[in-house]
Student: 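One structure follows; several queries about it will come next.
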Amino acid sequence: MEKKLIETFSPKETYSLGRKMGEEAAPGAVFTLVGDLGCGKTVFSQGLARGLGVAGPVNSPTFTILQVYEGGRHPFYHFDVYRIGDVEEMEEIGYQDCFYGDGVCLVEWADLIEEILPEHYTRITITGNPEKGFDYRQIQVEEI
Ligand code: ADP
Ligand code: MG
């Protein structure tokens, strides 16, 4: 299991990291994002979408669970499962076609649906550190 630690000092740096990972993402890749409200999951997601070549705005799909973007190099499936009640809701929206398809998936609040995550994915954990300033984030990237 490979693990990397990256530090960012601004939203722009977190966005750039996402963009780089989006540029390098292969079809079928699944990224999960874990971290407190306001830590930068959506900022990272917006960068990743940009890296995939998705044009236009990407916002947190909080009220829909899944937002699909077709315009990039691969389909981009952006999940935000913050408000999910039960993993059955994931089945209702057909998450399997996304997780096991040829697009790139990114799941915000993925710890809420841990039991249905695929065998292999890239887990991204974002944490702040008040001692290091308001805009500081530590971003852990693990290949599961
Ligand atoms: P989440 O989706 O995790 O709830 P958002 O991405 O919506 O969080 O919001 C993150 C907020 O934190 C934004 O207002 C952003 O400007 C701010 N921020 C400050 N520093 C950073 C950083 N290093 N990386 C990402 N976001 C940061
Ligand atoms: Mg968000």
Side-chain angles (χ1 to χ4, degrees), residues 1-25 27-99 101 103-118 120-144:
M1 194 163 81
E2 199 190 318
K3 193 149 103 175
K4 264 188 301 191
L5 269 185
I6 296 138
E7 294 177 301
T8 70
F9 300 89
S10 68
K12 208 171 151 207
E13 280 184 55
T14 299
Y15 181 93
S16 298
L17 175 67
R19 191 176 57 201
K20 181 168 163 281
M21 290 175 73
E23 283 164 0
E24 293 167 358
V30 176
F31 296 88
T32 69
L33 277 172
V34 174
D36 292 341
L37 198 64
C39 72
K41 297 183 292 302
T42 296
V43 169
F44 180 91
S45 305
Q46 288 166 337
L48 191 123
R50 191 75 211 95
L52 279 172
V54 172
V58 171
N59 293 307
S60 214
T62 300
F63 296 100
T64 53
I65 298 183
L66 171 63
Q67 194 82 48
V68 182
Y69 299 89
E70 296 280 4
R73 280 183 296 115
H74 314 294
F76 176 47
Y77 302 109
H78 186 198
F79 294 84
D80 186 325
V81 300
Y82 181 56
R83 281 166 210 279
I84 205 162
D86 197 275
V87 290
E88 223 160 82
E89 288 175 51
M90 289 291 283
E91 266 145 43
E92 278 160 26
I93 60 171
Y95 79 93
Q96 295 97 331
D97 293 344
C98 307
F99 281 14
V104 171
C105 292
L106 184 147
V107 189
E108 298 192 39
W109 297 99
D111 44 339
L112 297 176
I113 57 151
E114 194 134 43
E115 64 257 53
I116 59 164
L117 290 177
H120 295 293
Y121 59 95
T122 303
R123 175 157 65 203
I124 298 155
T125 309
I126 308 179
T127 41
N129 183 340
E131 283 173 21
K132 298 203 177 181
F134 192 67
D135 290 346
Y136 172 88
R137 300 291 188 274
Q138 181 185 279
I139 304 178
Q140 179 177 284
V141 181
E142 287 171 281
E143 298 302 333
I144 307 289

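Both counts, for ligands and for their atoms, begin at 1 and track the order of listing. These figures come from a predicted structure and were not determined experimentally.
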Student: Would you say G35 contacts ligand 1, with heavy atoms under 4.0 Å as the rule?
Tutor: no

Student: Under 6.0 Å from the CG atom of D86, do we count more than 12 heavy atoms belonging to anything else shown?
Tutor: yes

Student: Would G40 count as a polar contact of ligand 1, with the cut-off being nitrogen or oxygen pairs under 3.5 Å?
Tutor: yes

Student: Taking atom CD of E88 as the centre, report whether more than 12 heavy atoms of other residues, nucleotides or ligands fall under 6.0 Å from it.
Tutor: no

Student: Going by atom types alone, do Y15 and Q46 pair a side-chain donor with an acceptor below 3.5 Å?
Tutor: no

Student: Are any N, O or S atoms from T42 nearer to the Mg ion (ligand 2) than 2.8 Å?
Tutor: yes

Student: When you look for heavy atoms under 4.0 Å from ligand 1, do you find them on the side chain of I126, its backbone, both, or neither?
Tutor: neither

Student: Between T42 and ligand 1, which residue portion shows a heavy-atom distance shorter than 4.0 Å: side chain, backbone, both, or neither?
Tutor: both

Student: Between L117 and R123, does the side chain to side chain contact (heavy atoms under 4.5 Å, CB included) criterion hold? Intermediate values first, please.
Tutor: CA-CA 11 Å; L117 290 177; R123 175 157 65 203; over 6 Å; no

Student: Is there a side-chain contact between L48 and F76 (heavy atoms, below 4.5 Å)?
Tutor: yes

Student: Give the intermediate values and the outcome of side-chain hydrogen bond (donor to acceptor under 3.5 Å, both in side chains) for residues E7 and Y136.
Tutor: CA-CA 7 Å; E7 294 177 301; Y136 172 88; 2.5 Å; yes

Student: Can you tell me if E108 has a non-hydrogen atom under 4.0 Å from ligand 1?
Tutor: yes

Student: Taking 2.8 Å as the cut-off, does an N/O/S atom of D80 lie below it from the Mg ion (ligand 2)?
Tutor: no

Student: At a 4.0 Å threshold, what atoms of ligand 1 neighbour a non-hydrogen atom of D36?
Tutor: 3 (O)

Student: Take I65 and M90, measure what side chain to side chain contact (heavy atoms under 4.5 Å, CB included) needs, and give me the verdict at the end.
Tutor: CA-CA 8 Å; I65 298 183; M90 289 291 283; 4.1 Å; yes

Student: I'd like to check which ligand 1 atoms, numbered from 1 as shown, lie under 4.0 Å from a non-hydrogen atom of T14.
Tutor: 22 (C), 23 (N), 24 (N), 25 (C)

Student: Quick one: does any side-chain atom of K41 pair with a main-chain N or O of D36 as donor and acceptor, under 3.5 Å?
Tutor: yes

Student: Could you name the option among E7, E13, R137 that has the heavy atom nearest to atom 12 (O) of ligand 1?
Tutor: R137

Student: So, R73 side chain and E23 main chain: donor-acceptor pair closer than 3.5 Å or not?
Tutor: yes

Student: Look at the rings of Y69 and H78 and say which category their plane angle falls in: under 30° parallel, 30 to 60° tilted, over 60° perpendicular.
Tutor: tilted

Student: Does V43 reach ligand 1 with a nitrogen or oxygen that is under 3.5 Å from one of the ligand's nitrogen or oxygen atoms?
Tutor: yes

Student: Which single N/O/S atom of E108 lies at minimum distance from the Mg ion (ligand 2)?
Tutor: OE1

Student: Applying a heavy-atom cut-off of 4.0 Å, say which part of S45 lies close to ligand 1: side chain, backbone, both or neither.
Tutor: neither

Student: Report yes if some N/O of G38 lies less than 3.5 Å from some N/O of ligand 1; otherwise report no.
Tutor: yes

Student: Output yes when the distance from some N or O of ligand 1 to some N or O of T8 is under 3.5 Å, and no in every other case.
Tutor: yes

